[in-house]
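What you see below is based on every heavy atom in this structure, not just the backbone, and it leaves out hydrogens, waters and symmetry mates.
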Amino acid sequence: MALGAPDEPTMPRSALKPLQAAVCLDAGARLEGPLLALAAASHLGQDEHVAGVREILTQAGLTDAALQCPPDMPGHAETRRRLIREGQEPSRIRMNCSGKHAAMLAACVAAGWPPETYRDPGHPLQQRIATLISERAGEALAHTGVDGCGAPAFALSLTGLARAVRSVVVAPRGGADRAVADAMRAYPFYVAGTGHVNTVVMEAMPGVLCKGGAEGVIVAAAASGATVAVKAIDGSARATTLIALAALRALGENTSAAAHLETVPVLGAGEPVGAISVSRAVRDALGR
């Protein structure tokens with residue numbers, strides 16, 4: 001099923017983190033359970049996330065100072081307000097990609113690669129990541145850019161993104177790909193955080209891997225292999241989850257446990273005045 005231009009290149013950004021985490025694990029990074037989920041996370045910077053990222057670094061003999069993602073405040077509102085009251089400044093470890101960066105550093109230490117240049121597209125780690133993504137997507141990468149966190153960002157089609165993430169979910173047990181998928185689904189809090197739609201979807205629908213990317217991207221892969229990739233061209237994520245759920249339902253998945261995410265309220269003065277729901281064009285595409 002397709003709508004729009006799913007074979008045109010786009011930047012999935014954080015939606016590719018499961019593949020990046022798999023390369024880090026395969027390179028020798030000591031990651032399992034919540035720490036492996038954090039390696040593929042866009043977390044909200046809650047205290048549990050920070051503790052996990054610090055554990056990854058400590059196991060690799062590193063400190064927060066090794067992180068090269070930009071300093072940020074937590075995305076979790078209550079945690080952010082608390083840190084502001086305490087007079088704390090933005091920090092790299094609170095940045096939502098710090099788990100990925102810590103995993104990359106741990107992989108470098110384990111493999112004997114220079115950790116100082118781990119973000120360089122020519123670095124052995126980034127070369128392995130690019131190769132794996134291309135292989136799993138079944139297409140050449142259209143472009144390599146720089147993500148908001150400073151790590152390389154890769155352009156590929158939505159079709160390729162769906163293929164790549166599906167490959168992680170349906171991979172046989174015992175390999176790095178499947179280990180990442182299993183960790184994300186077993187520990188959804190560490191993939192995002194309290195109230196985040198990625199976490200909520202995975203908590204409500206065990207067996208589904210759900211991962212968003214900046215600028216209106218989401219990918220959701222069910223244990224059956226049914227996989228959906230969505231890109232909203234206006235860059236907003238407000239409708240992506242409900243479209244992904246509608247597509248999974250059309251593919252035969254039971255989405256009833258996440259039904260409360262299938263419409264998004266539009267508020268006026270804090271009160272519902274409308275709702276965002278699946279359009280006729282999307283319904284027609286799903287019907288095909």
Item to check | Taking every non-hydrogen atom, the tightest pair across Ala130 and Leu141 | outcome: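 Smallest interatomic distance, heavy atoms only, reads O-CD1, 3.6 Å.
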Checklist entry - Which pair of non-hydrogen atoms, one from Thr240 and one from Gly216, has the smallest distance, and what is that distance? => result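 It is CG2-O, 3.5 Å.
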Item to check | Nonpolar side-chain network containing Leu83, other nodes, edges under 4.5 Å | outcome: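 Reading the cluster by chain and number, Leu83 sits alongside Met73, Ile84.
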Salt bridge check, [Y] against [X]: does any charged N sit closer than 4.0 Å to a carboxylate O?
X	Y	value
Asp64	Arg92	no
Arg54	Asp47	no
Glu262	Arg249	yes

For [X] and [Y], indicate whether the former's side chain and the latter's backbone hold a donor-acceptor pair under 3.5 Å.
X	Y	value
Arg166	Thr227	no
Arg288	Met1	no
Arg80	Pro74	yes
Lys211	Val191	no
His123	Asp120	no
Ser91	Pro71	no

Spell out, yes or no, whether [X] and [Y] are grouped together once hydrophobic residues are joined by side-chain heavy atoms under 4.5 Å, including indirect joins.
X	Y	value
Ile133	Leu125	yes
Leu35	Leu105	yes
Val169	Leu158	yes

Checklist entry - Have Ser98 and His43 got a donor and an acceptor in their side chains that come within less than 3.5 Å? => result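 Distance-only check passes for Ser98 and His43.
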Next on the checklist: Can you confirm whether the side chains of Ser157 and Glu139 place a donor and an acceptor under 3.5 Å from each other?
Outcome noted: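 Present: a donor and an acceptor within the cut-off.
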Only pairs at least two apart or in different chains count here, so list each ring pair (Phe, Tyr, Trp, His ring centres under 6.0 Å) that has a residue in [range].
range	value
residues 266-288	none
residues 73-112	His101-Tyr118
residues 11-36	none

Item to check | By side-chain contact (heavy atoms from CB on, under 4.5 Å) - contacts of Ala258 (at least two apart) | outcome: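 Applying side-chain contact (heavy atoms from CB on, under 4.5 Å) to Ala258 gives Ala204, Met205, Leu245, Leu261.
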Item to check | With sequence neighbours excluded, residues passing side-chain contact (heavy atoms from CB on, under 4.5 Å) with Thr144 | outcome: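 Residues passing side-chain contact (heavy atoms from CB on, under 4.5 Å) with Thr144: Pro121, Pro152, Phe154.
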Run the side chain to side chain donor-acceptor pair (under 3.5 Å) test against [X] and tell me which residues pass, sequence neighbours left out.
X	value
Arg119	Gln68
Gln88	Glu86
Ser224	Glu253
Asp234	none

Side-chain polar contacts of residues 175-183 - donor-acceptor pairs under 3.5 angstrom, sequence neighbours left out - could you list them?
from, atom 1, to, atom 2, distance (Å)
Asp177, OD2, Arg136, NE, 2.8
Asp177, OD2, Arg136, NH2, 2.8
Arg178, NE, Asp182, OD1, 3.0
Arg178, NE, Asp182, OD2, 3.4
Arg178, NH1, Ala171, O, 2.8
Asp182, OD1, Arg185, NH2, 2.7
Asp182, OD2, Arg173, NH1, 3.0

Distance-only donor-acceptor pairs under 3.5 Å for side chains of residues 12-27, two or more places apart:
from, atom 1, to, atom 2, distance (Å)
Arg13, NE, Asp147, OD1, 2.6
Arg13, NH2, Asp147, OD1, 2.9
Ser14, OG, Lys17, NZ, 3.3
Ser14, OG, Ser42, OG, 3.3
Lys17, NZ, Ala41, O, 2.7
Lys17, NZ, Ser42, OG, 2.9

